[in-house]
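Below: the structure, in structure tokens.
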Amino acid sequence: MRAPGEVTAWNFDKSKGGLVDMAASAENFIKCMTNKCTYLRKEDVLAKNSMLYSKFSLLNELNNLKVDGKRIEPDMKQKFI
């Protein structure tokens with residue numbers, strides 16, 4: 001969010017007397033990246049192609065991976081990431 005006026009490098013950050021409210025802008029950016037869950041209508045969810053959801057999906061797949069009949073250790077899963 002920004003106040004009316006021309007934004008320059010010298011009057012950008014509102015916390016330093018500028019025109020752009022960085023906290024509100026960051027919150028609006030995150031809200032644009034989320035959606036509502038189809039099962040729990042009031043809950044926010046991440047986009048399927050977001051980095052965080054991709055990491056979750058990869059770890060979920062790695063939880064099923066077995067080597068010589070044993071599940072792999074958590075540190076090995078982190079190395080895959």
Selection residues 63-81 - residue pairs positive for side chain to side chain donor-acceptor pair (under 3.5 Å), sequence neighbours left out: N63-K77

Which pairs count as side chain to side chain donor-acceptor pair (under 3.5 Å) when at least one residue sits in residues 35-45, sequence neighbours excluded? K36-D44

Who else is in L58's hydrophobic cluster (ILVMFWY, side-chain heavy atoms under 4.5 Å, direct or via others)? L59, L62, L65, V67, I72, M76, F80, I81

For residues 50-57, which side-chain donor-acceptor pairs fall under 3.5 Å, sequence neighbours excluded?
{"unit_1": "S50", "atom_1": "OG", "unit_2": "A47", "atom_2": "O", "d": "3.0"}
{"unit_1": "S50", "atom_1": "OG", "unit_2": "Y53", "atom_2": "N", "d": "3.2"}
{"unit_1": "S54", "atom_1": "OG", "unit_2": "S50", "atom_2": "O", "d": "2.8"}
{"unit_1": "S57", "atom_1": "OG", "unit_2": "Y53", "atom_2": "O", "d": "3.1"}

Which residues pass the salt bridge (charged side-chain N to carboxylate O under 4.0 Å, His left out) test with E27, sequence neighbours left out? K31

